[in-house]
Protein chains: 2
Amino acid sequence: MGIKELARHLNISIGTVSRALNGHPEVNAETRKRVLEAAAELGYAPDQAGRSLRQGTLNVVALLLSTDLTSKTDTMFFMELSRGIQDQFAEHGLDLVIHLNKPDLDMLDRVKRIVERRQADALILAETRDNDPRLDYLAGRGFPFATMGRSWSGGTHPWMDLDFDFAMRAAIDRLAGFGHRRVALVTGDPGYRLDSMLQDAFRRELAGHGLVVDEALMIKTDTHEEGGYKAMTDFLAMPEPPTAVIFPHYRAVVGAYSYLSESGRQPGRDVAILSCSADTAIAQFMAPPLTCFRLDLYGLGRRLAQALLASMPRFAESYGNALIQEIWPWELVGRDSDGFHVN
Amino acid sequence: MGIKELARHLNISIGTVSRALNGHPEVNAETRKRVLEAAAELGYAPDQAGRSLRQGTLNVVALLLSTDLTSKTDTMFFMELSRGIQDQFAEHGLDLVIHLNKPDLDMLDRVKRIVERRQADALILAETRDNDPRLDYLAGRGFPFATMGRSWSGGTHPWMDLDFDFAMRAAIDRLAGFGHRRVALVTGDPGYRLDSMLQDAFRRELAGHGLVVDEALMIKTDTHEEGGYKAMTDFLAMPEPPTAVIFPHYRAVVGAYSYLSESGRQPGRDVAILSCSADTAIAQFMAPPLTCFRLDLYGLGRRLAQALLASMPRFAESYGNALIQEIWPWELVGRDSDGFHVN
DNA sequence: CTCTATTCCGTAAACGTTTACGACGATACC
DNA sequence: GGTATCGTCGTAAACGTTTACGGAATAGAG
C-alpha cells in the first residue's frame with residue numbers, strides 16, 4: 001500500500017509513480033493512465049506524513065474555537081462560517097480542522113503547539129482578545145493566520161469583520177424613529193474586541209442622535225440565555241427602565257424574551273428588542289420574530305479563507321498577493337420584536 | 001529548530017535528545033534536565049510529520065460532522081459532546097480535530113481519505129445511516145472508530161447511545177397521565193438510525209398504553225425550525241388534531257412554538273409539547289419552558305472517547321481491553337410546555 | 001551519419017524523527 | 001585482576017514521500 005508496492009506492481013520506478021500522481025508534465029500519458037488506474041484499484045493514497053515531511057506542507061488549515069465561545073455565543077454562527085471556510089479551502093485540496101480549546105491561557109499554548117509541531121499550514125482565530133498574545137506570537141514566527149474580527153491594532157494580518165458602526169446606526173435610527181429615547185445595550189466582556197467595538201459604536205451613535213448616554217443602561221454580562229435574562233430583569237427593576245434594548249448576541253435575546261414572558265410583558269409591545277446578531281434560522285421563528293441583521297455567513301467564511309490563502313506564499317499569486325482586510329455590510333431586517341411606537 | 005540543532009547546541013547526540021524528550025528511562029537525570037530546559041528555551045517541539053512518519057502514529061483523532069447535521073439539528077449538542085471527547089483525549093496527549101463534511105456520498109470519500117492518508121489515528125462518527133458504508137469500510141480496514149448512536153446491526157465497534165425506549169415510555173406515561181390520547185411524533189429522516197429508533201419506540205409505547213397508533217400523526221420532516229413549523233401547521237389543520245406532540249429534535253420545537261404563537265395558541269395550554277432532546281441551556285428559557293430530558297452531554301463525550309480508546313491497541317490495556325457499548329439513561333425534567341390536563 | 005534537442009524515466013538524497021544495536025566506562029562480584 | 005552487569009550514550013537505519021540530477025532512447029536537423 002506504499003508507493004513502493006504500487007511501483008513494483010507496475011514495474012515502474014517510484015519516482016515515475018510519484019510524478020504521475022502529482023501531475024508532473026514529464027511523464028508519458030499512457031504511463032500516467034496506468035498509474036492512476038492502478039492507484040484507484042489498489043486504493044493507494046499518498047501517506048500524509050511522508051509527503052508533508054518531504055515538502056514541508058501539510059494541506060491542513062486549523063480553525064481555533066474556544067469552548068468559551070461555543071458555550072456562550074451562537075454556535076450556528078461558527079458552523080455556517082466554518083462551512084464557507086471549508087468549501088473555499090477544498091478547492092485547493094486543503095482540509096479544515098477545528099480545534100476546540102479551553103479559553104484564555106491555554107489558547108497560546110495550543111497555538112504554539114500547532115505552529116512548532118507543524119500541525120497545520122495556517123491558522124484561523126475565531127475571535128481576538130485585548131492584547132492578544134497569540135497575534136504577536138504568530139506574526140513573530142511569520143506563520144500565516146487570519147482572524148474573524150479585526151484586532152485592536154488593526155494589524156497586518158488578514159481578517160474579515162462586520163460593519164458595527166453601520167449596524168449600530170441603523171439600529172438606533174430605527175429605534176429613534178419609533179420614538180425611543182432610553183435605549184440600552186447588553187454586551188459581553190469588553191475584553192473581546194467585538195464587544196468593545198459595539199460599546200464604542202453605541203455611545204457614538206446615541207450621541208449622534210442627541211440621546212443621552214446612560215452608563216447604567218450598558219450592561220456587560222454573559223452572552224448566553226442566562227445573561228440576557230438577568231440583564232432584562234435588572235433593566236425592568238430600574239426606576240426608569242429603558243424602552244428599547246439592543247442585544248448584539250442572539251442567545252441573550254432568548255433569555256430576555258423569557259423574562260418578559262414570565263413577567264407578563266411582551267417583546268415588541270412593552271419593550272423593544274433588537275439584535276445585531278446574524279439572522280440565523282431561529283430569529284424568524286421566535287415569538288415575536290426578532291429584528292436583526294441579514295448576513296451571508298457562508299460567503300463571509302469563504303472570503304475569510306480567501307484572505308488567508310492570499311497571505312500564504314503557496315497560493316498568494318492566485319489571489320493577487322494582497323493583504324485582505326474587509327468590513328462586511330449587513331442589512332437590517334425589521335420584524336416585530338421592536339416594532340412599536342413609544343408615546 | 002530541528003532536533004539536530006538542539007542536539008548540536010547541547011553537544012549531545014540526537015538519539016539522546018530524543019530519548020530525553022520522550023521520557024525513556026535510559027538517560028541520565030542531569031542530561032534530561034538540560035535537554036528539557038534547552039528545548040523550552042529554544043522553543044523546540046518535535047515535528048509532527050517526522051514523528052508520525054517514523055512511528056506510524058499521529059496523536060490525532062478525527063470527529064466527522066456532516067453539515068447536514070450542523071444545519072438541521074442542535075449544534076449545541078455536538079459542541080458539548082466534543083468538549084467531553086476532547087478533554088478525555090487530552091489526558092493521553094491526543095488532539096481532537098473536527099472535520100466538517102457535506103452529507104451523504106462525500107462522507108465515504110472523506111473517511112477513505114482520512115484512513116488511507118493516515119490523517120488520524122482513529123475516527124468518531126457523529127451519526128450513522130441505514131446501511132452505512134463507512135462502517136463496513138472502517139471495520140474492513142481494521143481502523144479504530146466509534147459512533148455516537150448505535151448502528152443498525154449493533155456492530156462490533158464501540159458506541160454510546162441514549163435510552164430512547166425509556167425516554168419514549170417516560171414521555172408517553174406523562175402525556176397519558178395528563179389524559180392525552182392523540183399523541184403525535186415529529187422525527188427526521190428515518191434513514192438515520194436515531195429517527196428510526198424513535199419511531200419504533202413511539203409505536204411500541206403507544207400500543208403499550210392502549211393508545212391507537214395513527215400513522216398520520218407521525219410526521220417525518222426536517223428537524224430544524226421550519227420543519228417544526230410546518231409539522232405543527234399540518235397537525236392543527238387536521239379534522240381531529242393531536243392534543244400532544246413529541247418533538248425529539250429540539251430545534252423543531254422552536255418552529256412549533258412559533259406557529260402556535262402566530263395562530264393565537266399557546267404551548268402547554270392548547271397543545272402539549274414535549275421534547276426528547278437533551279436539556280441544553282435554551283430549553284428552560286423558552287416561553288413556556290420546555291419539557292425535555294436531562295443528560296450529561298459532557299460526560300457522554302468523555303465516555304465515548306474512553307470507548308474508542310479501549311479499542312485502540314495503544315491504549316486498550318488502560319481501559320480493560322473491552323468492547324464498550326453503552327446506553328445512557330436520562331431523566332425527564334417536566335416543565336410547562338406540556339403541563340395541562342386534557343378534558 | 002553525426003550532433004543536438006527532446007522525452008521519458010530511474011537513482012538516490014533529503015525531510016525530522018525514533019529506536020535497535022553496539023560501545024564505552026564504571027561498578028560489582030568472585 | 002578478570003569478568004559480568006549496569007547505566008549512559010552515540011551511530012545509523014528506517015518510516016514514505018518528493019525531486020534534483022543524470023542517463024537512455026528517440027526524434028530532428030544538418
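The sequence lines fix the lettering, A, B, ..., with proteins before strands; numbering per chain opens at 1.
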*Might you work through the side chain to side chain donor-acceptor pair (under 3.5 Å) test for B:Y192 and B:D68, ending with a clear yes or no?*
CA-CA 12 Å; B:Y192 284 110; B:D68 196 38; 2.9 Å; yes
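Rounded to 10°, the helix from C:dC1-D:dG30 to C:dC30-D:dG1 has 50° between the axis fitted to its first five pairs and the one fitted to its last five.
Base engagement by B:G15 is indicated by at least one non-hydrogen atom pair under 4.0 Å involving a base atom.
The salt bridge (Lys or Arg N to Asp or Glu O under 4.0 Å) test applied to A:D189 returns A:R129, not counting sequence neighbours. Partners of A:N131 according to the side-chain hydrogen bond (donor to acceptor under 3.5 Å, both in side chains) rule, which considers only residues two or more places apart in sequence or in another chain, do not exist here. In terms of the salt bridge (Lys or Arg N to Asp or Glu O under 4.0 Å) criterion, B:D74 has no residue partners (sequence neighbours excluded). Residues satisfying the salt bridge (Lys or Arg N to Asp or Glu O under 4.0 Å) test with A:R193, not counting sequence neighbours, are none.
Counting heavy atoms of neighbouring residues, nucleotides and ligands inside a 6.0 Å radius, atom NE2 of A:H24 exceeds 12 of them.
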I'd like a list of close polar pairs between nucleotides 5-9 of chain C and the protein, N/O only, cut-off under 3.5 Å.
unit_1 : atom_1 : unit_2 : atom_2 : d
C:dC9  : OP1    : A:T31  : OG1    : 2.6
C:dC9  : OP2    : A:N28  : N      : 3.0

Check: residues 313-322 of chain B side-chain donor-acceptor pairs under 3.5 Å, at least two apart:
unit_1 : atom_1 : unit_2 : atom_2 : d
B:R314 : NH1    : B:N59  : OD1    : 3.1
B:R314 : NH2    : B:T57  : OG1    : 2.7
B:R314 : NH2    : B:D121 : OD2    : 3.1
B:Y319 : OH     : B:Q88  : NE2    : 3.0
B:Y319 : OH     : B:H92  : NE2    : 2.6

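Residue pairs that meet the salt bridge (Lys or Arg N to Asp or Glu O under 4.0 Å) test with at least one member in residues 38-53 of chain A, sequence neighbours left out, are A:D47-B:R118. Among pairs with a residue in residues 88-99 of chain A, those fulfilling salt bridge (Lys or Arg N to Asp or Glu O under 4.0 Å) read A:E91-A:R302, A:D95-B:R110, A:D95-B:R113, at least two apart in sequence or across chains. Sorted by first then second residue, the salt bridge (Lys or Arg N to Asp or Glu O under 4.0 Å) pairs that include residues 9-34 of chain B, not counting sequence neighbours, are B:K33-B:E37.
In summary, contact between chain A and DNA chain D, defined as any nucleotide atom under 4.0 Å from a heavy atom of the protein, begins and ends at D:dG16 to D:dA20 in the 5' to 3' direction.
How far NE2 of A:H99 is from CG of A:L125: 12.0 Å, rounded to the nearest 0.5 Å.
The pair A:E5-A:R8 does not count as a salt bridge, with every side-chain nitrogen at least 4.0 angstrom from each carboxylate oxygen.
Within residues 46-61 of chain A, the residues approaching DNA chain C are A:L53, A:R54, by heavy-atom distance under 4.0 Å.
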